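See structure below.
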Amino acid sequence: MKIDLTDTTAGEINKALVQGRRAIGTPAVGMVLTLVIVTDEENAYDALKAANDASREHPSRTLVVIKRVSRSPRDRTTSRLDAEVRVGADAGTGETVVLRLYGEAADHADSVVLPLLLPDAPVVVWWPVNAPLDPAKDPLGALAQRRVTDSYASEQPVRELSARAAAYTPGDTDLSWTRITPWRSMLAAALDQVTCEVKGVEVEGEEFNPSCELLAMWLADRLDVPVKRSLSSGPGLTAVRMDTSQGPIALDRADGSLATLSIEGQPARAVALKRRDTAELIAEELRRLDPDDTYASALRFGVERLNTVPQQTSEAPAEPVGEAEPVAEPEPVEEAAKAPAKKAAARTAKKAPARKAAAK
């Protein structure tokens, strides 16, 4: 059932929701959370379809916020709210309200959304595209316990990860991180099968794919080993190779659906590792609403530290040699020995800080 409202208010929308529930014979509210989707007109259909599919696992009230661009100065000063209320089969297993904000109302979307939130239920805000740099400080993001972005949809995904790390707040997450959950599970299970020491890792995937960077940062952060990031033609992540004390371990996925797990001394095994659609990713994120500390730790490791760890390790032994040269100079000691006792003591006292600094 669909109810169209033009130039309406939040109160009228709530009345339409009650009217729609009664019309389809389900007056009770059986939803577990409110999902707020902030998007544009171009991406609204795909985002809403994914949310409806995810609602089969998580019945929710979905609020789609679309900020319409005003074409003239007069339109920018005129506020208007249009809404489309969907209940029943048109809204999955929950309720859907599509909000189109015009003029000044677009700058106060939080005031429009707040009266429509389910009482005493968690709130999740999802930006499929054009996410703010600091989601927690966004007016809509401040209403939520969980804030979902997708750095893969940005123009510069790798740089976006650095911005996310700088502005991270508990409750933030990214669908690029959700995409690598099967990879992380498979690699952890592979290491559980072998008692070994990991010496180095290589992560292979297409360029400008934030999921590849996040997986590399997670491995570097958890294993504390050098991680090399190499490029391939994709799709997405294609391989992870680990050099261990018991031989190589490789997880190779060349076609985007079926992967091969190779462990030294064991037969190669085919494992299902398909690329998941957005509905599956959103459903996974809605299963947990607490802060993801593992994501935070991997994100803060930093993209810039990838591929640089091996160079730092190889150059480290050369630094103490250069610093130790001033300690071996005999000149200050010989001059102090030739001077009178009083002057030698004074010079020794003055030289002592310099010698300590050189020795360090």
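Just so you know, residue 1 is the first one in the sequence shown, and it goes up from there. Being a predicted model, the structure only gives us computed values, none of them experimental.
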Using atom types as modelled, flag every donor-acceptor pair under 3.5 Å from a side chain in residues 120-131 to any protein atom, sequence neighbours excluded.
none

Please answer: with hydrophobic residues joined when any side-chain heavy atoms are less than 4.5 Å apart, are [X] and [Y] in the same cluster?
{"X": "V225", "Y": "V303", "value": "yes"}
{"X": "L223", "Y": "M186", "value": "yes"}
{"X": "L33", "Y": "L48", "value": "yes"}
{"X": "L114", "Y": "L116", "value": "yes"}
{"X": "M217", "Y": "L219", "value": "yes"}

Mind checking whether [X] and [Y] have side chains closer than 4.5 Å, heavy atoms only?
{"X": "I37", "Y": "V65", "result": "no"}
{"X": "R184", "Y": "W177", "result": "yes"}
{"X": "L101", "Y": "R68", "result": "no"}
{"X": "T34", "Y": "V36", "result": "yes"}
{"X": "L63", "Y": "L117", "result": "yes"}
{"X": "D172", "Y": "R164", "result": "no"}
{"X": "V64", "Y": "L99", "result": "no"}

Q: Check each of R179, K274, R56 against E280 using the salt bridge (Lys or Arg N to Asp or Glu O under 4.0 Å) test, and report the only one that passes.
A: K274

Side chain of [X], backbone of [Y]: donor and acceptor closer than 3.5 Å?
{"X": "S185", "Y": "T181", "result": "yes"}
{"X": "R276", "Y": "A279", "result": "no"}
{"X": "R253", "Y": "L273", "result": "yes"}
{"X": "D255", "Y": "L258", "result": "yes"}
{"X": "S55", "Y": "H58", "result": "no"}
{"X": "T39", "Y": "I66", "result": "no"}

To the closest 0.5 Å, what do you measure between [atom1] ([X]) and [atom2] ([Y])?
{"X": "S176", "Y": "N209", "atom1": "OG", "atom2": "CG", "value": "7.0 Å"}
{"X": "Y152", "Y": "T278", "atom1": "OH", "atom2": "OG1", "value": "11.0 Å"}
{"X": "E207", "Y": "S230", "atom1": "CD", "atom2": "OG", "value": "12.0 Å"}
{"X": "I282", "Y": "N52", "atom1": "CD1", "atom2": "CG", "value": "12.0 Å"}

Q: Applying side chain to side chain donor-acceptor pair (under 3.5 Å), name anything that partners D7, two or more places apart in sequence or on another chain.
A: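 Checked D7 against side chain to side chain donor-acceptor pair (under 3.5 Å); zero matches.
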
Considering all heavy atoms of both residues, which atom of [X] and which atom of [Y] are nearest to each other, and what is their separation?
{"X": "L35", "Y": "A51", "value": "CD2-CB, 3.8 Å"}
{"X": "M1", "Y": "A23", "value": "SD-CB, 3.6 Å"}
{"X": "R146", "Y": "D290", "value": "NH1-O, 2.7 Å"}

With no hydrogens and no angle check, just 3.5 Å: does a side-chain donor-acceptor pair link [X] and [Y]?
{"X": "T238", "Y": "S232", "value": "yes"}
{"X": "E284", "Y": "T178", "value": "no"}
{"X": "T260", "Y": "D252", "value": "no"}

Can I get a per-line list of side-chain donor-acceptor pairs under 3.5 Å for residues 192-201, giving both atom names and the distance, sequence neighbours left out?
| unit_1 | atom_1 | unit_2 | atom_2 | d |
| --- | --- | --- | --- | --- |
| Q193 | OE1 | R269 | NH1 | 3.4 |
| Q193 | OE1 | R269 | NH2 | 3.1 |

So, [X] and [Y], do they make that salt bridge, N to O below 4.0 Å?
{"X": "E204", "Y": "R229", "answer": "no"}
{"X": "D82", "Y": "R80", "answer": "yes"}
{"X": "R147", "Y": "D134", "answer": "no"}
{"X": "R86", "Y": "E84", "answer": "yes"}

Q.
Using the rule given for side-chain hydrogen bond (donor to acceptor under 3.5 Å, both in side chains), can you reason through N43 versus D40, listing the C-alpha separation, both sets of side-chain angles and the distance that settles it, and then say yes or no?
A. CA-CA 6 Å; N43 297 279; D40 53 21; 2.8 Å; yes

Q.
How about CZ on F208, more than 12 heavy atoms from neighbouring residues, nucleotides or ligands closer than 6.0 Å, or not?
A.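 12 or below, so no.
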
Q. Are L237 and V203 close enough, and set up right, to give a side-chain contact (heavy atoms from CB on, under 4.5 Å), and what steps lead you there?
A. CA-CA 8 Å; L237 268 163; V203 176; 3.7 Å; yes

Q. Given V227 and E202, is the side-chain contact (heavy atoms from CB on, under 4.5 Å) satisfied, shown in steps?
A. CA-CA 6 Å; V227 177; E202 179 183 3; over 6 Å; no

**Q.** Test: R300 cationic atom under 6.0 Å from Y168 six-membered ring centre, within 45° of axis
**A.** no

